Amino acid sequence: MSEGSDYGLIGLAVMGQNLVLNIESRGFRVSVYNRTAEVTDAFVAAHPGKRLVGTHSLPEFVASLARPRRIQLMVKAGAPVDAVLEQLVPLLEPGDIVIDGGNSLYSDTERRDAALAARGLRFVGAGISGGEEGARKGPSIMPGGPASSWELLRPVFESIAARVDGQPCVMHIGPGGAGHYVKMVHNGIEYGDMQLICEAYALLQAAGFSADEMAAVFDEWNRGELQSYLIQITAKALAQKDEATGVPLVELILDKAGQKGTGQWTLVNAAENAVVVSTINAAVEARVLSSQKAQRVAASRVLQGPQGPLRVDRAALVAQVHDALYASKVISYAQGLDLMRTMSEKKGWALDLGGIASIWRGGCIIRARFLNRITEAWAADPALPHLTAAPFFRELLNRIQAHWRAVVALAVTHGIPVPAFGASLAYYDSLRSARLPANLLQAQRDFFGAHGYERVDRPAGEVFHTRWPEVID
Ligand code: NBP
C-alpha cells in the first residue's frame, strides 16, 4: 500500500466516532471526514495523541489515504449514502474499496454495488451490530461485497470485532447485498427475541410477580440455556428504579413501542419469497398494536374478556414460561435461517448459516449461548434443511413442548395476548402436520375458480377438476 492513512471514515455521529476510536486503538491511522466540519474538529480535538487525521473536504480526505483506499461510510441510511457516494466516487481510483457500514436496505446495496463495480471500485455493504458500545469495544460485523475486498478488510475488521472463544465475530458473508441482507434478518430475529421476552414478562406480571421478582427470574434464566444479552438487560431493566419515586422504572414507561423499519423489511422480503417468519411477523405487529394506545384504551372499555390475576403455582409457571420462551425462540431462529437459506439459493450467495450463527455470538444484540447449538447443527450437517431437523433442536422441542402448550393455553384462557408464543407454536404444529386442511382449501379454489387439485390416490402432478353443484344465493 502507498503512504497515507490506513483507513478512512465518513460520518462522525455516534457509531462513526466509536468505530474510529476502535480502529485507531488497533494500531491503524484513520482519516476522518464529516459533512459538518465542526464535528470533525471537535472529535479530533477531543482525542489528542491518537493517530487521527481530520479533514475538511472530500478531496483532502481522499488524498490523505493510502491506496488502495479503504473508506467506510457511517452516515444515515437511505438518501445520505447516495449523496456521499455521488461526491466521493469521482475522486476514487480503480481498486479502491468503499464500505457502507450503516443499516442500508440490501437492495440499495446491490444497486450501489453495480454502479461502483462499473467504475472499477469495490463496494462492500457491511452490517454492523452492537450499537454504540459494540462499535467502541467490538461489534459483530457482516460484510458482503466482492471477495477480493475481504483480504484487504480482514485485518481491520478482525482486529475491531468482538471475540468469542478466540474467534472474531466477523466473516465475509457473500457477494453483493448479502452482508446487509443478513444484518436485516438479524434485526428481524432481534424483534422476535424482544417480543418473546415481553410475553414472558406479561405472564409473570399477570401472576403477581413484582418487578424485582421478575428481575430475579430473568437473572436466573441468564445463567442457563437462555443466557443472552437481551435476557441480561431485561433483568437489569426490571430491577431499575425511578430516581424520583422509587417505583420500578418499567412501570412508568409508556407501552408504545417504536421501530425503525428493519423488521418490516424482513417481513416484506419473507412475503416476496414465500417464507413463513410468523414469529417476527407477530413481533412487528405487536409493536404496531402497542403504538395504537388511544385505540386500545377505548377498546378496553367496551370489548370484554377474562379479567383478574392468574392463580397458578408460581414456581411451575416460571418453569413453563422458560420453556415456552426457549421453544418459541428456536422456532423464530428456524424461520429466520429458513429465510436466509431461501435467499441464498435464489441469489447464489452460498451463505454459511452455521458461520453466521457463530459471528452473532458476540458483539451484537442477539448474542446468546444457544447460537453455539446452531453452529454445531450446520457443522454436523451442512445440508441441514431446517433447524428443527437437527437432533438437538428436534429433541429439545419434543421434550419441552408440553410446557409451551400449557403457557399458550393459559394465556388464551385468561385473555393475555401472546402473539409471538402463539405464532411459534402454530408454526411448529403446522410443520409437524403430515396432513393439513389445505385439501378443503383446494376444493374451495376449484369450486369457485376451477383452479384444479391433485389427489392423494393419484400420481403427483395429475390435475383434476370437479363440476361442483351450482350455488343458488
Ligand atoms: P445517524 O444515522 O444519525 O447519521 C448521522 C450522520 O450522517 C452524521 O455524520 C451526518 O452528518 C451524516 N449525514 C446525514 Br444525516 N446526511 C448526510 C449527507 N447528505 N451527506 C453527508 N453526511 C450526512 O448516525 P448513527 O446513529 O451513528 O448511525 C450511522 C449508521 O449506522 C446508520 O445507518 C444507522 O442505522 C447504523 N447503525 C446505528 C446504530 C446505533 O446504535 N446508532 C447501530 C447499528 C447501526 P452531519 O453531522 O453533517 O449531520
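Throughout, residue positions are numbered sequentially from 1 according to the sequence presented. For clarity, every value in this text was computed on a predicted model and none was experimentally measured. Just so you know, these numbers use all the heavy atoms, side chains as well, and skip hydrogens, waters and symmetry mates.
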Find out whether the Lys NZ or Arg CZ of R373 is both under 6.0 angstrom from the six-membered ring centre of F392 and within 45° of the ring's axis.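 Judged by the rule (NZ or CZ under 6.0 Å from the ring centre, within 45° of its axis), R373 counts as positioned above F392.
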Nearest heavy-atom pair of A162 and G362: which atoms, and what distance?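 Between these two residues, the closest heavy atoms are CB-C, 3.7 Å.
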Quick one: closest heavy-atom pair of H186 and C364, and the distance?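 Looking at all heavy atoms of both residues, the closest pair is NE2-CB, 3.4 Å.
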Are L52 and H47 close enough, and set up right, to give a side-chain contact (heavy atoms from CB on, under 4.5 Å), and what steps lead you there? CA-CA 8 Å; L52 301 177; H47 300 283; 4.0 Å; yes
Worked check of ring pair (Phe, Tyr, Trp, His ring centres under 6.0 Å) between W349 and Y181: CA-CA 11 Å; W349 283 342; Y181 182 81; 5.3 Å; yes
Carboxylate-amine/guanidinium proximity below 4.0 Å for R112 and D82: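 A salt bridge is present here (some side-chain N lies under 4.0 Å from a carboxylate O).
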SB check R163 E158 (cutoff 4.0 Å):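 Salt bridge absent between R163 and E158.
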Nearest-0.5 Å distance, CG of residue L337 to CD1 of residue I374: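 With rounding to 0.5 Å, CG (L337) is 5.5 Å from CD1 (I374).
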Which residue is it: F393, W404, F421? I am looking for the one with a ring pair (Phe, Tyr, Trp, His ring centres under 6.0 Å) to Y428.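 It is W404; the other options fail the test.
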Is the Y33 ring parallel, tilted or perpendicular to the F61 ring (thresholds 30°, 60°)?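 Tilted.
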Between H172 and G145 (side chain of the first, backbone of the second, donor and acceptor by atom type, cut-off under 3.5 Å), is there such a pair?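 A pair under 3.5 Å: yes.
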Is the distance between the ring centroids of Y201 and F209 under 6.0 Å?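 They do not qualify: ring centres at least 6.0 Å apart.
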Pairs involving residues 306-328, ordered by first then second residue, that meet ring-ring contact (aromatic ring centres under 6.0 Å, His included) (sequence neighbours left out):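 ring-ring contact (aromatic ring centres under 6.0 Å, His included) check on residues 306-328 returns W221-H322.
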Single hit among T262, T109, D108 for side chain to side chain donor-acceptor pair (under 3.5 Å) with H180: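 When side chain to side chain donor-acceptor pair (under 3.5 Å) is applied between H180 and each of T262, T109, D108, only T109 qualifies.
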